[in-house]
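Here is the structure we will look at, set down as structure tokens.
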Amino acid sequence: MNTDVVEPDKVGDKSPFAGCAIFITVLAVVVFLIVFSVVVLFRQSNAISKFTDTKPTKVQIESIEDREQELNKIAEKIERFRISVMDGKSAVLELSVNELNLAIATYDAFKEMRGMLKVREITQDRMTFDISFKLNGRPRLAKKEEGGIVASDPRYLNGILITEPSLMNNEVVLKVRDIDVTSGEVAKEFIEQMSPYRIAEKYVGDSDIGKVMATLTQVELAEGVIRFVKVEGEITKDNFTNEEVDQSSHRLFKVLGIAASIFLFFVAIIIFLGLRSKKRQGNSES
């Protein structure tokens with residue numbers, strides 16, 4: 001009886017490393033993921049700083065002064081389209097560059113776009129915007145007046161956004177084809193990560209804009225105009241595939257997975273060698 005009770009204690013004394021192997025592994029993985037995330041964050045910030053600026057450029061807001069007639073025409077077109085769409089009928093809403101910019105300058109729903117984005121040109125295959133997007137810069141320790149522990153100085157993506165409108169999950173999105181800037185060349189990975197640019201994400205749901213978007217069957221471009229199309233009886237089909245949406249995130253997880261696998265492989269080797277050494281030591285003592 002006494003031998004049975006004491007024997008496990010002896011084994012435990014011989015192999016203390018075995019008891020904490022799982023804890024060491026988990027701790028090592030946590031530390032690795034934290035360090036890896038910090039390194040990726042700083043590398044990303046350094047890459048973004050190469051094609052962004054410390055100050056925004058002025059994106060002109062379309063003037064609405066003495067343009068009541070144009071504004072009334074836009075409002076009537078939009079309302080006719082909304083009524084037809086909600087009644088389930090076929091309809092087309094065609095808007096020019098000027099009309100789009102007037103809508104941004106006029107309607108409260110688009111006020112967040114003012115000074116940040118303006119339609120520059122529409123052709124048969126692309127839609128371009130003048131942009132000044134605010135981005136997070138390199139992380140740093142927060143100043144006293146900022147609060148918190150970590151903060152960053154903003155960076156601004158100033159340039160021309162080259163896109164193609166499309167439909168995705170009852171939402172109008174923009175496939176980002178390229179971004180032209182004067183301060184460098186935008187990294188391909190950044191462009192892929194930004195696409196699709198969900199310019200209308202906030203309108204998805206129960207809003208009037210969201211209800212209309214959910215019924216659209218096509219978004220088309222022609223010289224100088226964009227067309228929002230609803231075909232009666234036609235089921236809405238996404239023009240943006242899941243592969244296009246996930247391509248950049250898949251690349252990130254692939255890199256993270258490979259790095260984590262290599263790291264865990266070395267951790268496993270260390271643990272295996274440690275256990276083997278303890279086992280030999282136990283055998284020699286017995």
Side-chain angles (χ1 to χ4, degrees), residues 33-62 100-101 104-105 108-121 126-166 168-169 171-204 240 244-256 259:
L33 291 176
I34 293 174
V35 173
F36 183 84
S37 299
V38 172
V39 171
V40 169
L41 179 60
F42 275 88
R43 287 188 61 185
Q44 184 183 56
S45 298
N46 290 336
I48 290 176
S49 66
K50 295 178 181 178
F51 55 83
T52 55
D53 303 309
T54 57
K55 295 182 180 180
T57 59
K58 184 177 181 181
V59 176
Q60 185 177 2
I61 301 173
E62 191 75 15
L100 287 170
N101 287 326
I104 293 173
D108 288 340
F110 308 133
K111 63 182 179 181
E112 292 182 1
M113 300 180 188
R114 297 169 195 167
M116 181 189 78
L117 174 150
K118 182 180 180 180
V119 184
R120 180 188 184 97
E121 183 185 26
R126 63 176 55 186
M127 189 174 186
T128 61
F129 300 84
D130 292 323
I131 61 169
S132 182
F133 291 159
K134 183 178 180 180
L135 307 174
N136 289 326
R138 185 184 180 89
R140 57 169 174 75
L141 293 176
K143 301 175 183 177
K144 291 183 179 180
E145 63 273 13
E146 291 176 326
I149 300 175
V150 180
S152 65
D153 296 315
R155 304 285 303 185
Y156 294 90
L157 180 62
N158 302 317
I160 300 173
L161 185 69
I162 302 170
T163 70
E164 176 190 345
S166 186
M168 183 188 74
N169 297 330
E171 180 184 348
V172 177
V173 298
L174 297 175
K175 295 181 180 180
V176 181
R177 299 305 188 195
D178 202 358
I179 305 174
D180 288 339
V181 296
T182 58
S183 54
E185 183 176 350
V186 180
K188 179 182 178 182
E189 293 77 11
F190 180 87
I191 295 175
E192 291 177 348
Q193 185 68 33
M194 189 175 176
S195 187
Y197 178 39
R198 301 183 65 185
I199 192 172
E201 180 181 7
K202 63 177 293 185
Y203 310 119
V204 176
F240 217 107
E244 289 177 295
V245 175
D246 297 335
Q247 61 182 348
S248 57
S249 58
H250 283 170
R251 183 182 296 106
L252 174 62
F253 285 116
K254 184 177 180 180
V255 172
L256 179 60

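None of the values given here were measured: they were computed from a predicted structure.
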Rounded distance (nearest 0.5 Å) linking atom [atom1] of [X] with atom [atom2] of [Y]:
| X | Y | atom1 | atom2 | result |
| --- | --- | --- | --- | --- |
| Met116 | Lys134 | CE | NZ | 12.5 Å |
| Arg177 | Ile191 | CZ | CD1 | 11.5 Å |
| Met113 | Asn101 | CE | CG | 11.0 Å |
| Glu185 | Asp178 | CD | CG | 8.0 Å |

Please determine whether the number of non-hydrogen atoms from other residues, nucleotides or ligands lying under 6.0 Å from atom CZ of Arg114 exceeds 12. yes
So for atom CG, which belongs to Asn136, do other residues, nucleotides or ligands contribute more than 12 heavy atoms lying within a distance under 6.0 Å? no
Write down the atom of Pro165, the atom of Met127, and the distance for their closest heavy-atom approach. CD-CB, 4.3 Å
Heavy-atom closest contact (Gly137 atom, Arg155 atom, distance): CA-CG, 3.6 Å
Cationic N near anionic O, under 4.0 Å, Arg120 to Asp130: yes
Residues that Arg198 engages under side chain to side chain contact (heavy atoms under 4.5 Å, CB included), provided they are two or more places apart: Met168, Glu171, Val173, Glu201
Can you say whether the rings of Phe133 and Tyr197 are parallel (under 30°), tilted (30 to 60°) or perpendicular (over 60°)? tilted
Does the side-chain contact (heavy atoms from CB on, under 4.5 Å) test come out yes or no for Ile199 and Leu117, once each step is laid out? CA-CA 10 Å; Ile199 192 172; Leu117 174 150; 4.1 Å; yes
Any donor-acceptor pair under 3.5 Å linking the side chain of Asn158 with the backbone of Val59? no
